[in-house]
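Note sheet for the following structure.
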Amino acid sequence: MAKETTRREILKGSLAMAGLGVIGMPEWAFPALAQGETLMQFTDVSDDVQWIRDAERRIIDVRQIDGPFTPNEQFFTTQHYGHPGVDVDAYRLRVSGLVDSPLELSMDDLRAMPSRDLIFGFECSGNRGPLNGLSSNGRWTGVSLRTVLQRAGVQNAAREFVLFGADRGEEEVIWRGRPFNVEQQYGRSLERDQALSDEPLLAYDLNGEPLSEHQGRPLRLLVPGWYGAPNVKWLAEIHAQKDQYLGRWQARSYRTLKGQMINGEMKWVETAISTMNLKSYVARVTAVGGAHNVFGVVLNDGTPIDSVEVKIDDGEWQAATLDPETMREKYGWKFFNYRWEGATPGEHTVVSRVTDVNGNVQPTAEELGDKLTFLEAHEQFPRNVIIA
Ligand SMILES: Nc1nc2c(c(=O)[nH]1)N[C@H]1C(S)=C(S)[C@@H](COP(=O)(O)O)O[C@H]1N2
Ligand SMILES: [Mo]
């Protein structure tokens, strides 16, 4: 207890130095630093950064990551229509459309079905530097989407599975320049192969506790390896259909507009946000044991990682050490450390890049090229840090 208070005080001091005092120190914050570690100040984080934007949104302070699993009350959170507030006792998950037996399942029904765990860290596709706070990692428990769909009996004509949340809002749909105002639910769809694979999970627990309202109580979808958008919270119904689903959050808002060379010609293409791009970022730099440590995080689609390298100022890329525990989990986020010897006092630039076993290398912002929209930021993120 006493130890924690001391560490908390140390971190508070460092945060105040970085101009992140009063509003920068949320109630839940616990310092990640081991005894004898001192946080170095980033100079690229603005003084007015808000870790909690309103009652329903929260980003994590990546400098404070202190283990593989983000504590439930710290897990980053965001959504588009606010919290719907589902009555768990009255709750029924509806399965409808092109199925042999439409279902209405209570939480007791769902919890009685075969369950499994999934370690999954994901980021919102809007996550970007320098804060990179829209991501977290958890151990989720639930029932496979496939198990529920098989109980309903999926018909051959079903090509697409739409998952609707209980949250709704008014949307302006523009068709040939004409606006129509209609109420819609948050909805995302999965193609048949993916919906019936053994990957998507209908989760009811996070780190051993029932989901909080933030996390989608009582039930949410999780699509391992994908960005956050398909992880439909407050899941209300699953509808099997023949047609493509073209709702706003499926077909329009989660898009990237970029230039791509196709057959030797530059084309401007729009692509749907899908699996997470290979990415790493430096989360903190600390002074420890006469040297400095650079700690960071890797996110991707589940492809095994080959290496992470760190570069200081204009130096050479140096191999970082991959954390064996987090590297074992296919869909979890992963950690690395780099021991920085002989750091000189003053301001430095620190950057990381990750390479997967297929030889994909995290690009620089320049190499990432003509991406006009900001979602899917996965370029290298140089950080400016002061060595005291
Ligand atoms: N029902 C519903 N589910 C949703 C959303 C939403 O607006 N409504 N937002 C999605 C987006 S864009 C993200 S990044 C994740 C965030 O999940 P979290 O709050 O558990 O971190 O929820 C996804 N699921
Ligand atoms: Mo998101």
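No hydrogens, no waters, no symmetry mates; every other heavy atom, side chains included, goes into these values. As the structure lists them, so they are numbered: ligands from 1, and atoms in each ligand from 1.
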Where does [X] meet ligand 1, judged by heavy-atom distances below 4.0 Å: at the side chain, the backbone, both, or neither?
X	answer
D167	side chain
F76	both
Y254	side chain

### Message
Between ligand 1 and W234, is the shortest N or O to N or O distance under 3.5 Å?
### Response
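Min N/O separation from ligand 1 is not below 3.5 Å for W234.
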#### Entry: Polar contact flag for Y81 and ligand 1 (N/O pairs, less than 3.5 Å)
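No, there is no polar N/O contact under 3.5 Å.
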### Considering all heavy atoms, the nearest L375-Y254 contact
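That closest heavy-atom pairing would be CD1-CD2, 3.9 Å.
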### Task
Under 4.0 Å from a heavy atom of C124: give me the atoms of ligand 1 that qualify, with their elements.
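By the 4.0 Å cutoff, the relevant atoms are 14 (S).
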### Task
Report, in ascending order of atom number, the atoms of ligand 1 lying under 4.0 Å from any heavy atom of H214.
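Under 4.0 Å from H214, ligand 1 has these atoms: 19 (O).
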For [atom], what's the nearest protein heavy-atom neighbour? Residue, atom name and distance, please.
atom	value
atom 19 (O) of ligand 1	K233 NZ, 2.5 Å
atom 16 (C) of ligand 1	T78 O, 3.6 Å
atom 23 (C) of ligand 1	G228 O, 3.4 Å
atom 7 (O) of ligand 1	H80 N, 2.9 Å
atom 24 (N) of ligand 1	N231 O, 3.0 Å
atom 22 (O) of ligand 1	R220 NH2, 3.6 Å

### Query
Applying the side chain to side chain contact (heavy atoms under 4.5 Å, CB included) test to W140, which of L202, L206, N231 qualifies?
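By the side chain to side chain contact (heavy atoms under 4.5 Å, CB included) criterion, W140 pairs with just one of L202, L206, N231: L206.
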#### Entry: side chain to side chain contact (heavy atoms under 4.5 Å, CB included) partner of F161, the single match among R192, H239, Q241, Q194
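Only one of R192, H239, Q241, Q194 forms a side chain to side chain contact (heavy atoms under 4.5 Å, CB included) with F161, namely R192.
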Are side-chain N/O atoms of [X] and [Y] paired as donor and acceptor at under 3.5 Å?
X	Y	result
T77	R58	no
K233	Q79	yes
E123	S135	no

### Query
What class does the angle between the rings of Y186 and H80 fall in, given that below 30° is parallel, 30 to 60° is tilted and above 60° is perpendicular?
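The arrangement is parallel - the two ring planes meet at less than 30°.
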### Query
Of Y186, Y227, F122, F75, which has the heavy atom at the shortest distance from atom 4 (C) of ligand 1?
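Ranked by closest heavy atom to atom 4 (C) of ligand 1, first place is Y186.
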### Task
Would you indicate which of E123, Q215, R168 comes nearest to atom 18 (P) of ligand 1 when only heavy atoms are counted?
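Heavy atom nearest to atom 18 (P) of ligand 1 belongs to Q215.
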### Task
Using atom types as modelled and distance alone, determine if a side-chain donor or acceptor of D301 lies under 3.5 Å from a backbone N or O of T275.
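No, because the side chain of D301 does not come within donor-acceptor range (under 3.5 Å) of the backbone of T275.
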### Task
Answer yes if V232 and V162 sit in the same cluster of Ile, Leu, Val, Met, Phe, Trp and Tyr residues linked by side chain heavy atoms under 4.5 Å apart, and no otherwise.
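No, it is not one cluster - the side chains of V232 and V162 are not joined through contacts under 4.5 Å.
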### Message
Rounded to the nearest 0.5 Å, what separates atom CD in E56 from atom NE2 in H83?
### Response
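It comes to 4.5 Å.
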